[in-house]
Each structure stands twice: as structure tokens, then as C-alpha cells.
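Structure record follows, encoded as C-alpha cells.
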Amino acid sequence: MIFENLRMTDCCIFDLDGVIVDTARYHYLAWAALARELGFEFTPAQGEATKGVSRMDSLEIVLRAGGLENRFSGAEKERFAAEKNARYLDYVSQMTPSEVLPGVATFLRDVRSHGARVVLGSASKNAGTILDRCGIRALFDAVVDGTQVARAKPDPEVFLKGAAAVGADPSVCVVFEDAAAGVEAAARAGMRSVGVGGSPLLARATMQLMAFEGFTFEKLIAAIG
Ligand code: B16
Ligand code: MG
């Protein structure tokens, strides 16, 4: 069968925020509230730079936006990050399965129905909570998140650990990412990638996908093998 002859993909690794759910708006609201407490406005455009970036690196982006870099001790920064996270978790605790982005759950099931593995590779330390709130943890063969990695994207650690968790070689893995740092992490891991959402910042990805509705594993294989 042509489909099987073309197939190089045995494992799909998914970023969480921006690919499976749209938690970016909750991250933004929580950072903007912290910025207001510190006396400045953090705009949605400035919030774009925090996508895919770890919590402490995101805090540095926020402080820089307010001209407050190098102003606070490590302990104060930890307190700011904890405060932001508490606000973020208030939003996350209200999430329901309806917030899984359209077509995603169907695509994950389709990947598995062809015998390929489905893995989560997220920078978020809250990934497990989000998967549980949205009722989709059982759709993954392995979950690697911010609690298990020492180095943030664009370091490839999260994706290499994800592949290792299901015994897949990087050459048969495809990473689905909405952030430039994640596309670069995939390339550094020796993996192909799908840039999700249409941002011009994802131009380095192997292929682009606007949204999951109507997308199938067969279409993925037809496009990139
Ligand atoms: P947390 P992803 C990332 O998730 C978010 O895109 C990024 O905005 C956030 O700062 C990071 O997780 C850390 O999240 O504070 O929950 O640990 O896109 O890698 O799934
Ligand atoms: Mg993301």
C-alpha cells in the first residue's frame, strides 16, 4: 500500500499550550495582572514572546517590558512567579473538555489507530493538571512536561525524553508546535516538525498546519512521510 510505503512516522509529539488547548490567554492575563501590580501595562503583543518559554524566562520578559530588569532579588522573582502561577491555576481549574481545540482529540485517536505513538512534550509544569481538567490524559502514551526537564525549549531535552519514553528514534518522530522555540527544539532533536497556527515565525517547520479540523494521519504521511 502506497501509504505504508511512504511512512517514516511512528511517533507524534505534541506541545500543549497553543496546540492542544489555548491556555496562552490565561498565561497572558496572569502576567498582565502581575505587571499592573508592579505599575505598568503588559500588552498582548508583548505577551507573544512568552509563548513556549519557561515560567522564569517568561518573568524576565515581563520585567524587561516594564524596564524593571535587574531590579529584584532571586527570592522576589520566585514570589512573583508563584503569584502569577496561582492566578493562572485559578483559570486552569475552571477548564473543561470543551476547551480542547477543534479536531485535536479526533486526530490523536487517528494517529494511535495507525499504530503510531502519541506523546506530550510541554514546557509547562501544569501540563498534568490541564490534561486531567480536559479529560484527555488517556489519549497519550507518554507525558513529558516542565517538571521533568532541566533545560527549556529551544533545548531539545523535552522532545528527546518524550521519544525515549516510548522507545522511538528521533528520525521517526514528528513534533507539533505553535512556538518558534519549539520548532527549533525539534530540529535540534533531529525530528521533523509541524508548525501549528500559521505564524510566520514557524517558517522553519517541515510543514505548516492552520488547524486540526479535517487533518488526518494519512494526510500527514502524504505530506511529510
Ligand atoms: P507553566 P507549552 C508553555 O507551554 C507555555 O507556552 C508558556 O507560555 C509557559 O510560560 C510555559 O509553558 C510554562 O508554563 O508556568 O505552567 O509551567 O507551549 O510548552 O505547552
Ligand atoms: Mg506552545
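Counting convention: from 1, in listed order, for ligands and their atoms alike.
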N or O pair under 3.5 Å between [X] and ligand 1:
{"X": "Arg55", "value": "yes"}
{"X": "Tyr88", "value": "no"}
{"X": "Lys51", "value": "no"}

Any donor-acceptor N or O pair under 3.5 Å, side chains [X], [Y]:
{"X": "Tyr88", "Y": "Glu83", "result": "no"}
{"X": "Ser124", "Y": "Ser122", "result": "no"}
{"X": "Thr9", "Y": "Arg192", "result": "yes"}
{"X": "Asp145", "Y": "Asn126", "result": "no"}
{"X": "Asp17", "Y": "Thr23", "result": "yes"}

Roughly, to 10 degrees, what angle do Asp178 atom OD1 and Asp17 atom O form around the Mg ion (ligand 2)?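 Asp178 OD1 and Asp17 O form an angle of 90° at the Mg ion (ligand 2).
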
Would you mind listing which atoms of ligand 1 come within a distance below 4.0 Å of any non-hydrogen atom of [X]?
{"X": "Ser58", "value": "10 (O)"}
{"X": "Ala123", "value": "2 (P), 3 (C), 12 (O), 13 (C), 19 (O)"}
{"X": "Asp15", "value": "2 (P), 18 (O), 19 (O), 20 (O)"}
{"X": "Ser122", "value": "2 (P), 4 (O), 19 (O), 20 (O)"}
{"X": "Asn126", "value": "1 (P), 16 (O)"}
{"X": "Leu16", "value": "20 (O)"}
{"X": "Lys125", "value": "1 (P), 16 (O), 17 (O)"}

Residue pair Lys77 / Phe72: nearest heavy atoms and the distance that separates them: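 Reported closest heavy-atom pair: CE-O, 3.7 Å.
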
How far apart are the closest heavy atoms of Val118 and Leu108, and which atoms are they?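 In this case the closest contact between Val118 and Leu108 is CG2-O, 3.7 Å.
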
Please report which non-hydrogen protein atom sits nearest to atom 8 (O) of ligand 1, along with the residue it belongs to and the distance in Å to one decimal place.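 Ranked first by proximity to atom 8 (O) of ligand 1 is Thr50 O, 2.9 Å.
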
Could you tell me the residue and atom name of the protein heavy atom closest to atom 5 (C) of ligand 1, and the distance to it rounded to 0.1 Å?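 The closest one turns out to be Asp17 OD2, 3.3 Å.
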
Applying a strict 4.0 Å limit to heavy atoms, is Lys153 in contact with ligand 1?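 So Lys153 counts as touching ligand 1.
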
Looking at ligand 1, would Gly52 count as a contact under a 4.0 Å heavy-atom criterion?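 It does, in that a heavy atom of Gly52 comes within the 4.0 Å cut-off of ligand 1.
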
Quick check: of its N, O or S atoms, which one does Asp15 have closest to the Mg ion (ligand 2)?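 Of the nitrogen, oxygen and sulfur atoms in Asp15, the Mg ion (ligand 2) lies nearest to OD2.
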
Kindly compute the distance separating NZ (Lys84) from CH2 (Trp31), expressed to the nearest 0.5 Å.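 One gets 5.0 Å once the value is rounded to the nearest 0.5 Å.
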
Nearest 0.5 Å, what's the CG-CE distance between Leu89 and Met95?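 That separation rounds to 11.5 Å.
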
Proximal candidate to atom 9 (C) of ligand 1 [heavy atom criterion; set Val53, Asn85, Val92, Ile130]: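 Answer by nearest heavy atom: Val53.
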
Student check: side-chain heavy atoms of Glu76 and Arg71 closer than 4.5 Å: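 No, side chains not in contact.
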
Check: Arg112 and Asp141 side chains under 4.5 Å, non-hydrogen atoms: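 Yes. Closest side-chain heavy atoms under 4.5 Å.
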
Any N/O/S atom, backbone or side chain, of Glu177 lying under 2.8 Å from the Mg ion (ligand 2)?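 Checking Glu177: none of its N, O or S atoms is under 2.8 Å.
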
